[in-house]
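Right, one structure below, let's go through it.
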Amino acid sequence: MIAATAIGTTIEWYDFFIYANTAALVFGGLFFAPLESGAGLLLAFATVGISFIFRPLGAIIAGHAGDRLGRRVVLVASLLLMGISTMLVGLLPTYDQIGVAAPIMLVGLRILQGISAGGEWGGAALMAVEYAPQSRRGFFGSFPQVGVPAGMLLSTGVLALLSGLLNEQQFLAWGWRIPFLLSVVLLVIGVVIRRTVDESPEFQQMRARKSGPALPLLTLFRAHWQPLLLCTLIVTGCSIAGYLSTGGYVLSYATSALGMNRTVVLSAVLIASALWVVTTILGGAASDRFGRQRVLRWGSALTFLWSVPLFLAVGSAEVILIAGALVVLTVPLGLMYGPQAATLAEAFPTEVRFSGASVAYAAASILGGGFAPMIATWLQTATGSLLSVAGYLATASLVGLVGASLLRNRTDHDSPTTDAAQAMSKDSTPA
């Protein structure tokens, strides 16, 4: 079960970070050639964010299907759409080859990725949490969250390898396509694993009772709007922190504005991503022991305190300082990301849980996700200082802190009572 939920989110974030990092490195020139380099980069980052506008649409569709038809069918469908869309990006002709049709098709594929991603995370998170024993929901729920750093680790590793093996001309000509085409390998593995997984025990119980609203989304907005809002704030704070650090902006600024070696910076991000996997799992486990709210608050507060030192290190153009600052940041990132799946799942009853978790996650992706690198680039350009970006990160951490402080603690509510959950509580070894 853990493998089935983690593989999809890993693919999702591999696809995102491959696109975000490639946008930072080459997309401005390949797809937006007529624009000046600064404007081309800004527009390339804007296409990163465009997919996030369509995540709520994917969340609405997947949420309704997941609450009415089941979690499993949505997991497989969303994975297929994401993998195929990413592969097609790797086959796209550039602006020099077909003109304006190239960026139009690129945007179209980003929209499909956004729709897919809108339903992917919610299904994976709920399957993990609903299968978990009550006392280990945070730990089990951290594995879909591992998809964020694991996807970053895979994408950065592939790009670092290609950057080291290929020269600049080869990478621009065809090397950038390889990471997108490799997505098909992950896709096949993910679909095979997910097709073997049974439906969530809690959803099976609900279906056996023949309960659940005909329109889960309507019930969600009418009766559960408060936890929906607070969960959105929590995820917004987490998302901005992730996207500004390892999600493309630091790489872009270090290589473009500071002229640092691409492979060296990618290696620094790679080290931080590997540690982030560990801190995310530890963050989820810590939330089982100390409570979701407390761990989320720790993560938000530590991110606030580290925002200025982080970007002072980035501005130094010293790779050791940048790598060290990113490594330190993985601790609060893990505390924020680890408990996220269990927090959102516990905030809503089973009947609207898929819709609630997916909509909150997708809305936060717009507020604090894909546009974060673009906003950071604009802030730094407008002010001429990285301190404005540090202020942006500090503000985001306060947003997450407010959400975590106000959300009612539901750790002890809605515990799974199925035979599957009870069996898993006796055998706590992850499958």
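Keep in mind the model is a prediction, meaning the values are calculated, not measured. We number each residue from 1, following the sequence as shown.
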Is the side chain of Ser245 donor-acceptor paired with the backbone N or O of Gly242 at a distance under 3.5 Å, no angle test?
yes
Examine distances only and state if a side-chain atom of Thr343 and a backbone atom of Arg292 form a donor-acceptor pair shorter than 3.5 Å.
no
Return the set of residues passing side-chain hydrogen bond (donor to acceptor under 3.5 Å, both in side chains) with Thr381 (not counting sequence neighbours), or none when no residue passes.
none
CD of Gln169: more than 12 outside heavy atoms within 6.0 angstrom?
no
Ignoring hydrogens and angles, tell me if any N or O in the side chain of Arg353 forms a donor-acceptor pair with the backbone of Ala345 under 3.5 Å.
yes
Residues passing the side-chain hydrogen bond (donor to acceptor under 3.5 Å, both in side chains) test with Thr303, sequence neighbours excluded, are none
Does Ser300 reach the main-chain N or O of Arg297 with its side chain, forming a donor-acceptor pair under 3.5 Å?
no
Ser358: what forms a side-chain hydrogen bond (donor to acceptor under 3.5 Å, both in side chains) with it, not counting sequence neighbours?
none
Is the shortest side-chain heavy-atom distance between Pro216 and Glu351 below 4.5 Å?
no
Residues in side chain to side chain contact (heavy atoms under 4.5 Å, CB included) with Ala325, at least two apart?
Trp306, Leu310, Ala313
Between Gln380 and Leu386, is there a donor-acceptor pair closer than 3.5 Å when you use the side chain of the first and the backbone of the second?
no
For Trp225, all residues meeting side chain to side chain contact (heavy atoms under 4.5 Å, CB included), sequence neighbours excluded
none
Listed by chain and number, what are the side chain to side chain contact (heavy atoms under 4.5 Å, CB included) partners of Ile104, not counting sequence neighbours?
Val100
Tell me every residue that passes side chain to side chain contact (heavy atoms under 4.5 Å, CB included) with Ile322, counting only those two or more places apart in sequence or in another chain.
Val250, Met260, Leu326
Once side-chain hydrogen bond (donor to acceptor under 3.5 Å, both in side chains) is applied, do any residues pair with Thr280, and if so which ones, sequence neighbours excluded?
Trp276
